[in-house]
A.B. asks: 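One structure coming up, written as structure tokens, with questions to follow.
Remember, it's a predicted structure, so these values are computed and weren't measured experimentally.
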There are 2 protein chains.
Amino acid sequence: MSDKLDIDQIDRKILDVLQRDTNQSIADIGSKVGLSQTPCWKRIQRLERLGIIQKRVALLDASKLDLSVTAFVTISVGDHSEPALQRFRTEASRFPEVLDIHRMAGEHDYILRVVLPTVNAYDTFYRKLIDTVSVPLKKVTSHFAIESVKATTALPIIAAPERRLEAAE
Amino acid sequence: MSDKLDIDQIDRKILDVLQRDTNQSIADIGSKVGLSQTPCWKRIQRLERLGIIQKRVALLDASKLDLSVTAFVTISVGDHSEPALQRFRTEASRFPEVLDIHRMAGEHDYILRVVLPTVNAYDTFYRKLIDTVSVPLKKVTSHFAIESVKATTALPIIAAPERRLEAAE
DNA sequence: CGTGAAAAGCACCCGAC
DNA sequence: GTCGGGTGCTTTTCACG
């Protein structure tokens, strides 16, 4: 009824292919990982059943949707009681502009990644956030990203690809 | 030959559905946004052609893949000349552990989001990074995430859903 | 934009090897 | 694990209103 969580190298290859592009037939994926349709399909089913494949989604181009401002907000809360923390989390999570919330070790309690159309909108968001969480925030600092150098959702699951020696050197 | 970048409310609904789950038939999506198959399909094609839908991917569960450590690394580079910056970017981008690189305004030059199996692995990564970029780094600070409170790839594209009044208040 | 429908491809599920 | 095959859903493409 339940599977062990054994993931071999072929499973990892399948995952790596899928986390980069799900627009491929199972036969295609199979040939990329050295498997024929049937077993490849079975493995994918299993990986989905195990929850290792969480979901399949479309990634959109933020800049083409008027969402050019990314900000990281570091927050130190003033009240560390459980109910206060819980309230902070659920309230902050409600904002669709807040894509990620990480609880941190050390200096800050939380880091939020926020995406918005303009810096102006950030100001509005910022006030609404402080208002809504109804928890005293000790320190809130905003850091704005100007440019995205790299952005991927693909996890490093293949045994770190050996860096090839540059041919041109 | 080319389309204007006009996205109406129905397009946004389609995008919102797709950025949460691509495992649905076009008929399903259509019914969710109030469209029948054919026009819904045509809109999706257009959104793909325009590059607003960048790609379709599988999202994996990092914790089930032995990738429980997330770190944010803030970096200030010592040499701001173009070739040095360029070298830093391309070299840092090569690391599969580095999921995101943002160029920042203000205090830090860059923020990296790094995913790794253990804190031990972070140490190895850290040294390799400093070694590889071969650019003097003025200041490198590591911030570790202990817990993920929220994590989504879904952009806030629907006109901010009005916060409903809580019924229980 | 809608309907209806046809063609092709694919996911999905066999059983045999 | 492989292969071949079959069924039904879906995508993709029509014609027509």
A.B. asks: Within the 3.5 Å criterion, strictly below it, is a donor on Ser134(B) or Arg87(B) matched to an acceptor on the partner's side chain?
C.D. replies: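 Yes - a donor-acceptor pair under 3.5 Å links their side chains.
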
A.B. asks: Which residues pass the salt bridge (Lys or Arg N to Asp or Glu O under 4.0 Å) test with Lys64(B), sequence neighbours left out?
C.D. replies: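 So Lys64(B) forms a salt bridge (Lys or Arg N to Asp or Glu O under 4.0 Å) with Asp61(B).
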
A.B. asks: Can you list everything that forms a salt bridge (Lys or Arg N to Asp or Glu O under 4.0 Å) with Asp28(B)? Sequence neighbours excluded, please.
C.D. replies: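 Partners of Asp28(B) under the salt bridge (Lys or Arg N to Asp or Glu O under 4.0 Å) test: none.
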
A.B. asks: If the P atom of dT12(D) is compared with that of dC12(C), how far apart are they to the nearest Å?
C.D. replies: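 Each nucleotide's P atom is 16 Å from the other's.
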
A.B. asks: Starting from C1' on dA11(C), measure out to CG on Leu35(A) and report it in whole angstrom.
C.D. replies: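 Between C1' of dA11(C) and CG of Leu35(A): 16 Å.
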
A.B. asks: My understanding is that only residues two or more places apart in sequence, or in another chain, count here; which of them pass side chain to side chain donor-acceptor pair (under 3.5 Å) with Asp16(B)?
C.D. replies: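 Side chain to side chain donor-acceptor pair (under 3.5 Å) check on Asp16(B) returns Gln19(B), Arg20(B).
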
A.B. asks: According to ring-ring contact (aromatic ring centres under 6.0 Å, His included), who are the partners of Phe125(A), at least two apart in sequence or on a separate chain?
C.D. replies: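 In terms of ring-ring contact (aromatic ring centres under 6.0 Å, His included), with neighbours along the sequence ignored, Phe125(A) is linked to Phe95(A), Tyr122(A).
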
A.B. asks: For every nucleotide of nucleotides 12-17 of chain D, 5' to 3': is a protein heavy atom under 4.0 Å from its base (B), only from its sugar-phosphate (S), or from neither (-)?
C.D. replies: BBB---

A.B. asks: Can you list everything that forms a side chain to side chain donor-acceptor pair (under 3.5 Å) with Glu147(A)? Sequence neighbours excluded, please.
C.D. replies: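 Result, side chain to side chain donor-acceptor pair (under 3.5 Å) vs Glu147(A): Arg89(B), Arg103(B).
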
A.B. asks: In terms of the angle between their ring planes, are Phe72(A) and His102(B) parallel, tilted or perpendicular, with boundaries placed at 30° and 60°?
C.D. replies: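 Aromatic pair Phe72(A)/His102(B) classed perpendicular.
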
A.B. asks: Given a cutoff of under 4.5 Å between side-chain heavy atoms of I, L, V, M, F, W and Y, with clusters grown through shared members, what are the other residues clustered with Val57(B)?
C.D. replies: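 Via sub-4.5 Å side-chain contacts, Val57(B) links to Val57(A), Leu59(A), Leu59(B).
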
A.B. asks: Return the set of residues passing side chain to side chain donor-acceptor pair (under 3.5 Å) with Asn120(A) (not counting sequence neighbours), or none when no residue passes.
C.D. replies: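 Counting only residues at least two positions away or on another chain, Asn120(A) forms no side chain to side chain donor-acceptor pair (under 3.5 Å).
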
A.B. asks: Let me know the distance between CD1 of Ile10(B) and P of dC1(C), rounded to the nearest Å.
C.D. replies: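 After rounding, the reported distance stands at 7 Å.
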
A.B. asks: Over how many whole Å does the gap from Asp28(B) atom CG to dT10(D) atom C1' extend?
C.D. replies: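 It works out to 11 Å between those atoms.
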
A.B. asks: Please give, in whole Å, the distance from dG1(D) P to Lys13(A) NZ?
C.D. replies: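 Taking NZ of Lys13(A) and P of dG1(D), I get 13 Å after rounding.
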
A.B. asks: Using whole Å, report how far CD1 of Ile29(A) lies from C1' of dC12(C).
C.D. replies: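 About 14 Å, once rounded to whole Å.
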
A.B. asks: Just to verify, what does Asp79(A) make a side chain to side chain donor-acceptor pair (under 3.5 Å) with, not counting sequence neighbours?
C.D. replies: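 Once residues adjacent in sequence are excluded, the partners of Asp79(A) under the side chain to side chain donor-acceptor pair (under 3.5 Å) criterion are Ser81(A).
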
A.B. asks: For DNA chain D, determine which residues of residues 16-25 of chain B have any heavy atom closer than 4.0 angstrom to one of its atoms, and list them numerically.
C.D. replies: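 The answer is Gln24(B), Ser25(B).
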
A.B. asks: Sequence neighbours left out, what passes salt bridge (Lys or Arg N to Asp or Glu O under 4.0 Å) with Asp8(B)? Give chain and number order.
C.D. replies: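 Result, salt bridge (Lys or Arg N to Asp or Glu O under 4.0 Å) vs Asp8(B): Arg43(B).
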
A.B. asks: Please, what dot-bracket string fits DNA chain C when only Watson-Crick and G-U pairs with both distances under 3.5 Å count, crossing ones use [ ] and pairs to another strand use |?
C.D. replies: ||||||.||||.|||||

